[in-house]
Amino acid sequence: MLDNKISFTLNGKKVEFIGDPLRRLIDTLREDFGLTGVKEGCGEGECGACSVIKDGKLVTSCIIPMGSVAGSDIWTIEGIRDTELGAIIIEAFADGGAVQCGFCIPGMVLASYVLLSEKTNPSELEIREAISGNICRCTGYDLIVESIRLADSRRRGV
Amino acid sequence: MAATRIDDKIRRSDALSKARGEAKYVSDYFFDGMLYAMMLRSTEARADIVGITHPVLPEGYYFITADDIPENGVNSLHMIGKDWRCFASGDVKYVGETIGLFVGPSRAVLKSLVENTKVEYAVKEAAVSIDDAIAVKGGAILPEKDNDVMCQLYCQKGREMDDVFKDADMTLSETFETGFQEHVHLETNGAIVTEEGDSYVFYISAQCPFYVRKSVAGLLGLPLDKVIVRQTVTGGAFGGKEHFPDVLAGPLLVAESKIHKPIKLIFDREEDMEFSVKRHPSKVIYKSAIKDGKLIGTKGTIYYNCGAYLSASYVVLQRGVFHANGVYDIPNTYLEGYGMATNTFPSDAFRGFGAPQTLFAIEMHMSHIARRLGIDPADFKKSMFIKKGGETVTNGHVVEEVMLNDMFDNIAKESDYYRKSREYGYGSGRGIGVSFYNHGGAFTGNGEQAIIKAHARLKKSGEKVTIEVGSTEMGQGFQTSLRKIAATVLEIPIEDVDYPNPDTSIVPDSGPTAASRSTMVVGKLIERCAIEMKERWNEGDFSVEKEYEHPEGFPWDQETFRGDAYLGYGWGAAIVELEIDRRTNEVLVKGVWTSHEIGKAIDELIVHGQINGGVIQSLGYASMEKMENKNGHFKQTSMSDYVIPTSMDFPKQYYHIQENPYQFGPFGAKGMGELVFNGVDAAYVDALERAIGKEVYKIPLPPEDIEEALENA
């Protein structure tokens, strides 16, 4: 198998990956870069636990081959958690009771981050749509939805 | 910092580390020189193994089987019974049974080894369904038996049934069925084994670290303390990690005894769906006698599909039977339960633990009787509510005030139930349905006293206190609730109370994290520890340990199943409103209202989250979570085939918590984790029946099954 050199930006830093272009992005992030906040829930892009932000869009890293990452701008929970908006969302999740087993939560935080980066004062339906690709088995979603609203209020200072 | 009070709004202690992606789940652990493992599993439901041929093992790879169990060990996982083998040997009893374990450095190589191993079978006819097992299809599965009844019990309250039916002016016989349900904890099953000194150490995603230790030590003939189990942050369990982690830990331990390097076994989602325990499918037959508009007697015959090994099935079946009268004081009942052995993956614990199946059946049965009497189902059910002191089906008594009337009034008003019930009628495409349910807290009967004997310990070091218990956090919030109990009693800030994940070499055995017993039983123990510690606070550094004490005056006979099966119940009432698209049979749920009586909420936000989550799981069980088994193989093996609710499927819930402080629980609290799963399915199906104008007798009911019900009607 030919190893390829793939350059991309990861959490704001230029990085290189040398290896199989078919290797999954999730494995590279977790095992080569130690970013274990990226969780594997289903391995088929259905559950959203492995969500990362690729060029501003929420994607599931378990179905993305490294070959398609060249030149991309990738953000994981590790890069988002201390940003201004990321920290507001995480604090709101903690205050709002959004976290139970927590396995889906890094992905949920990233889904919320993408939504709140694009929209101010989203409706309940818009929030539900924004997290509809992120499966949670514990919460029934209500407190996640309310926590995202709380984060939105806080970042608007209301 | 101010001392914490029980009603303070606090943050969960694990919320930030989880949301920041810092919490370490078992798959996030990496050890130097760590190897990976992959299971070789049976592809046949019932067969003799004729031969196994695997490719030549590359350097550094191993294949572990029953032959690697030493002479002083036994090939058995010690759960409640000892029938579940660590490795299949000679024959296989279900698809997915562990035959061997490949171990080595590369997962890709391991996958290829598994795929290129040939197991030759002499295939036998399998029994898969309850009906197969009743017919003893393919001959008895159980050794030395001529039928497939793995476990059974009966209990009687009141008069002989034949006598009761003579008085009836109306009778109704119905059969209800429920399907498999998969837990789909977002974190799949996983474990790592390693060695420290002369002990074996597990890092494992599990509800019950002491269960794992007990289950596997005998494989190598080890004393219990030579196996140390450390629970890692657990990404959901719901019962699916009660006994099942043993099935990973057993082969890993045998492998470790040969290989002596850290070994990691993590199931991918497909493995976790196809080859893990499920909720027991059920078939429940009720025959009821009605006189003057009252239900005077019910005979229930209850079958649960247990799969090939016992696991927790007998206890699950008992709970199913003990909840088969629902929340009703039916004066005469005769209930018999049969746990049927089949060649499916063993069924095991799942939130509700046998109660949801019979509660679904009795709720639908009650609604159907009401319809025949021309009474609103809510009113008929209300007329039959059991009350404090009322006799249970095991001839015990309800110990608490039953507040279902108040609870129903709350949600009936919020949902405008009676107006909608009248207006929507039967068959209009719109429906509103109602259900009532309960859940007995903690282990059945005197199990807490006779079997579990739970211990809990508080350790003081300076101004800080550490909780030492075997109970686990799996998402339900117990690490926070228990800290809150200790901090409140000690009058210290919750930040000064630590509660690390259990390590069996450090903490006492507090019993399993199961049966909605943690807050009620272990919480009470910690409350007692804290009361003593508070009195002795100035003595310096010390520990206080307490053992469970059973309250006086609650007799139980485990041989005859007579007496007080539970020392207290949680209670629930639910209303669901929906519309159906007559063309596609797609259901749109318009509203969900619940009220739950759990004694006292230790933390309202945590309870709120438990209610929302349990209710959605129950709605998924009723509406979409279809898991079929054909010839022993589960047909749904991925999250795209087996669909669980998303944020778009159900609307925001209305919830109400009814306070009713419970005399034996900490701060008046009772169990609640399972209760909130137990009954909303029936409210959904009641609403669906009213919308389509037809009775249905099974769940789940995805659109294609609604279509079938309409065609068959």
Side-chain angles (χ1 to χ4, degrees), chain A residues 30-31 34-49 76-78 80-82 86-87 89-109 124-125 127-147, chain B residues 9 11-12 14-25 27-30 183-188 233-238 266 268-270 473-477 603-606 608-617 619 638-640 643-653 655:
Chain A
R30 285 179 53 83
E31 293 173 15
L35 301 171
T36 53
V38 184
K39 302 299 180 197
E40 177 159 355
C42 72
E44 54 164 352
E46 281 287 325
C47 80
T76 70
I77 188 68
E78 287 86 353
I80 293 294
R81 63 192 177 200
D82 293 318
I89 293 167
I90 286 167
E91 292 285 318
F93 269 49
D95 289 333
V99 182
Q100 291 192 26
C101 90
F103 205 76
C104 72
I105 294 296
M108 285 285 183
V109 169
E124 184 189 335
L125 182 62
I127 294 173
R128 286 187 179 268
E129 281 170 350
I131 60 168
S132 63
N134 293 72
I135 301 287
C136 170
R137 189 56 153 169
C138 298
T139 64
Y141 305 102
D142 285 6
L143 290 176
I144 293 177
V145 172
E146 285 177 31
S147 297
Chain B
K9 188 174 182 335
R11 270 187 181 181
R12 282 177 65 122
D14 53 349
L16 283 181
S17 67
K18 286 175 172 174
R20 290 176 57 80
E22 292 164 345
K24 280 177 83 178
Y25 299 80
S27 60
D28 303 332
Y29 285 78
F30 296 90
H183 304 78
V184 203
H185 25 67
L186 256 276
E187 182 205 26
T188 57
V233 174
T234 296
F238 313 114
I266 307 286
D268 65 24
R269 177 60 60 187
E270 195 175 322
E473 173 67 58
M474 47 189 161
Q476 84 281 38
D603 189 80
E604 181 162 343
L605 193 57
I606 288 176
H608 182 177
Q610 284 288 296
I611 292 169
N612 288 160
V615 164
I616 293 276
Q617 276 183 357
L619 289 168
S638 72
M639 286 178 75
S640 45
V643 184
I644 65 171
T646 72
S647 56
M648 302 298 287
D649 290 314
F650 298 103
K652 185 176 171 181
Q653 300 170 28
Y655 78 101

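Every chain is numbered from 1 and lettered A, B, ... according to where its sequence line falls, protein lines coming before strand lines.
Judged purely by distance below 3.5 Å, without hydrogens or angles, the side chains of B:Q653 and A:D142 never pair a donor atom with an acceptor atom. Using modelled atom types, one finds a donor on one side chain and an acceptor on the other under 3.5 Å when comparing B:T646 with B:D649.
Heavy-atom neighbours of B:E604 CD from other residues, nucleotides or ligands within 6.0 Å: at or below the threshold of 12.
Both the backbone and the side chain of B:M639 have a heavy atom closer than 4.5 Å to some heavy atom of chain A. For A:T139, the part lying under 4.5 angstrom from a heavy atom of chain B is the backbone only. Proximity to chain B (any heavy atom under 4.5 Å) is restricted, for A:Y141, to the side chain, taken from C-beta onward. Both the backbone and the side chain of A:E129 come within contact range of chain B, judged by heavy atoms closer than 4.5 Å. In this structure, no portion of B:E270 lies under 4.5 Å from any heavy atom of chain A. For a residue to count as touching a neighbouring chain, one of its non-hydrogen atoms must lie under 4.5 Å from one of that chain's; by this rule B:K9 touches chain A with the side chain only. Heavy atoms of B:T188 lying under 4.5 Å from chain A belong exclusively to its side chain. With a 4.5 Å cut-off on non-hydrogen atoms, A:E124 touches chain B through its side chain but not through its backbone. In this structure, chain A has heavy atoms under 4.5 Å from both the backbone and the side chain of B:V184.
By the 4.5 Å heavy-atom criterion applied to side chains, A:P106 and B:R20 are not counted as neighbours. Here the side chains of B:V615 and B:Y655 are not in contact, with every heavy-atom distance at 4.5 Å or above. Side-chain contact between A:Q100 and A:R137 is absent, with no heavy atoms from C-beta onward closer than 4.5 Å. Looking only at side-chain heavy atoms (C-beta outward), A:M108 and A:S147 stay at 4.5 Å or farther from each other.
Ranked by heavy-atom pairs under 4.5 Å with chain B, the list A:E46, A:E40, A:E78 is led by A:E46. Here B:L605 is the residue among B:D603, B:L605, B:I616, B:D14 with the most heavy-atom pairs under 4.5 Å with chain A. Considering only heavy-atom pairs separated by less than 4.5 Å from chain B, the leading option among A:C47, A:A87, A:A49, A:C42 is A:C42. Among A:V99, A:T76, A:D82, the residue making the largest number of heavy-atom pairs under 4.5 Å with chain B is A:V99. Top candidate by heavy-atom pairs under 4.5 Å with chain B, chosen from A:G86, A:A130, A:G96, A:G133, is A:G96. In terms of non-hydrogen atom pairs under 4.5 Å with chain B, the most contact-rich of A:D95, A:I77, A:I131 is A:D95. Heavy-atom pairs under 4.5 Å with chain A were tallied for B:M474, B:Q610, B:E22; the largest tally goes to B:E22. Heavy-atom pairs under 4.5 Å with chain A were tallied for B:A15, B:S640, B:G235; the largest tally goes to B:S640. Heavy-atom pairs under 4.5 Å with chain B were tallied for A:G107, A:C101, A:G37; the largest tally goes to A:C101.
Between B:F238 and B:H185, the two ring planes are parallel [angle under 30°; tilted spans 30° to 60°].
The main-chain N or O of B:S647 is found under 3.5 Å from a side-chain atom of A:R128 such that the two form a donor-acceptor pair.
Distance check: B:L16 CG to A:F93 CZ gives 12.0 Å after rounding to the nearest 0.5 Å.
B:Y25 and B:T234 get closest at one heavy-atom pair: CE2-C, 4.1 Å.
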